[in-house]
There are 2 protein chains.
Amino acid sequence: MLKLSKKAEYALMAAKYMALKNHSGFSTAKEISESYQIPYQLVAKVLQNLVKSDIAISAKGVNGGFSLSRKANTISLIDIIRAVETDFKIVDCMQVNSSSADCVHFDCCKIKDPLAEVQRKIDKVFTETTIAQIL
Amino acid sequence: MLKLSKKAEYALMAAKYMALKNHSGFSTAKEISESYQIPYQLVAKVLQNLVKSDIAISAKGVNGGFSLSRKANTISLIDIIRAVETDFKIVDCMQVNSSSADCVHFDCCKIKDPLAEVQRKIDKVFTETTIAQIL
DNA sequence: TACATAAAGGACTGATTTAGTCTGGTATTA
DNA sequence: TAATACCAGACTAAATCAGTCCTTTATGTA
Ligand code: FES
Ligand code: FES
């Protein structure tokens, strides 16, 4: 279906929110959740993912929250998506951890290599677009 | 997850199979199923979808089967994928049948329009690549 | 110190989607 | 008339996704 997950969508929205108010300190998960009508627990989890991938930094306690770790124009969409999404390949056998043994079609389909080029182009689109461009 | 469905994958494989032997008459669903180790019923269904979308033609009865309706270099990947896949949009609210009322984020997220540009670029990749290029 | 705030993290459930199967039908040819 | 092969739709099981709940940890403030 070639659709982004809700997590990816929420991650982009959260990143956008933080980028917009980055000058003025931290944004809390609650704040983002309410502003954009995203379930709190979900956006909290997504924000944690962004921290793990060093896209955002976090601060606990009162006045804490999240903030982008670098300028919006240096964060690409693929950074965000990879932070929350496990797979980002259009066909299974392109996954990094999949070997030829995993794929029954390996010796016959021969569709993998041409599609790899398609994959490369799609990655390029998400790599070239930054958070700054979706503000 | 941004992954193509198995149906799409099988459709591409089937299209490739037909393109390769297009000169010599019809290919049956059984033949393709066995050559590429795809479940018969599934590839049959996929082939029927291709017929509905005028990408392939079919002939019933003995010596019948499927054949591409036009030259491989005039059939783009997006033609194939659209024939078997219901949605082809990276976020829900881009679907043609979705109105602003469907999306709780409509008045706030503002992520839709920038992503539409991303969608356009992805469509371009699949539109520009033809079956002839995956042979 | 006590308390309120807010992130971290894991387990769990319900809903949706996907992949695959089964069954019965229709058209064509030998 | 029998074999072949497409057509069509219902159905099931497995996988994935979205969302919730709950407990813990860290930090600033009264
Ligand atoms: S589908 Fe896996 S190698 Fe082609
Ligand atoms: S998510 Fe639907 S309009 Fe933004």
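Predicted model, so just to flag it, every value in this text is computed and none were measured.
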How close or far is atom [atom2] of [N] from atom [atom1] of [X], stated in whole angstroms?
X       : N      : atom1 : atom2 : value
B:Lys60 : C:dA27 : NZ    : P     : 5 Å
A:Phe26 : D:dT27 : CZ    : C1'   : 12 Å
B:Leu4  : C:dT18 : CG    : P     : 12 Å
A:Tyr40 : D:dT20 : OH    : P     : 13 Å
B:Leu42 : C:dC22 : CG    : P     : 13 Å
B:Lys3  : D:dT16 : NZ    : P     : 6 Å
B:Leu47 : D:dT4  : CG    : P     : 19 Å
A:Gln41 : D:dA18 : CD    : P     : 16 Å

Side-chain-base donor-acceptor pair under 3.5 Å for A:Lys45 and D:dG19 | no
Between the side chains of A:Glu31 and A:Tyr17, is a donor N or O closer than 3.5 angstrom to an acceptor N or O?
-> yes
Below 4.5 Å, heavy atoms only, C-beta onward: do B:Pro114 and A:Gln133 meet side chain to side chain?
-> no
For A:Lys30 and B:Ala59, take the nucleotide of DNA chain C holding the closest heavy atom to each; which residue's nucleotide lies nearer the 5' end?
-> A:Lys30
Examine distances only and state if a side-chain atom of A:Lys7 and a backbone atom of A:Val46 form a donor-acceptor pair shorter than 3.5 Å.
-> no
Could you check whether A:Ala44 gets within reach of a base, just the sugar-phosphate, or nothing at all, counting any heavy atom under 4.0 Å?
-> nothing
Is A:Tyr10 touching bases, backbone alone, or none of the nucleic acid, heavy atoms closer than 4.0 Å?
-> sugar-phosphate
Counting side-chain heavy atoms from CB outward, which of D:dA8, D:dT20, C:dA19 is closest to B:Gln48?
-> D:dA8
Side chain of B:Val62 (C-beta onward), nearest among D:dA18, D:dA3, C:dA7 | D:dA3
Considering heavy-atom distances to DNA chain D, does A:Glu85 or A:Asn63 have its closest nucleotide positioned more toward the 5' end?
-> A:Glu85
At their closest point, which heavy atom of A:Ile90 faces which heavy atom of A:Gln119, and how far apart are they?
-> N-OE1, 2.7 Å
Within less than 4.0 Å of OP1 or OP2 of C:dT5, is there a side-chain N or O belonging to A:Thr28?
-> no
Let me see the working for B:Asp79 and B:Arg70 under salt bridge (charged side-chain N to carboxylate O under 4.0 Å, His left out), right down to the final yes or no.
-> CA-CA 12 Å; B:Asp79 294 332; B:Arg70 50 186 202 266; 3.2 Å; yes
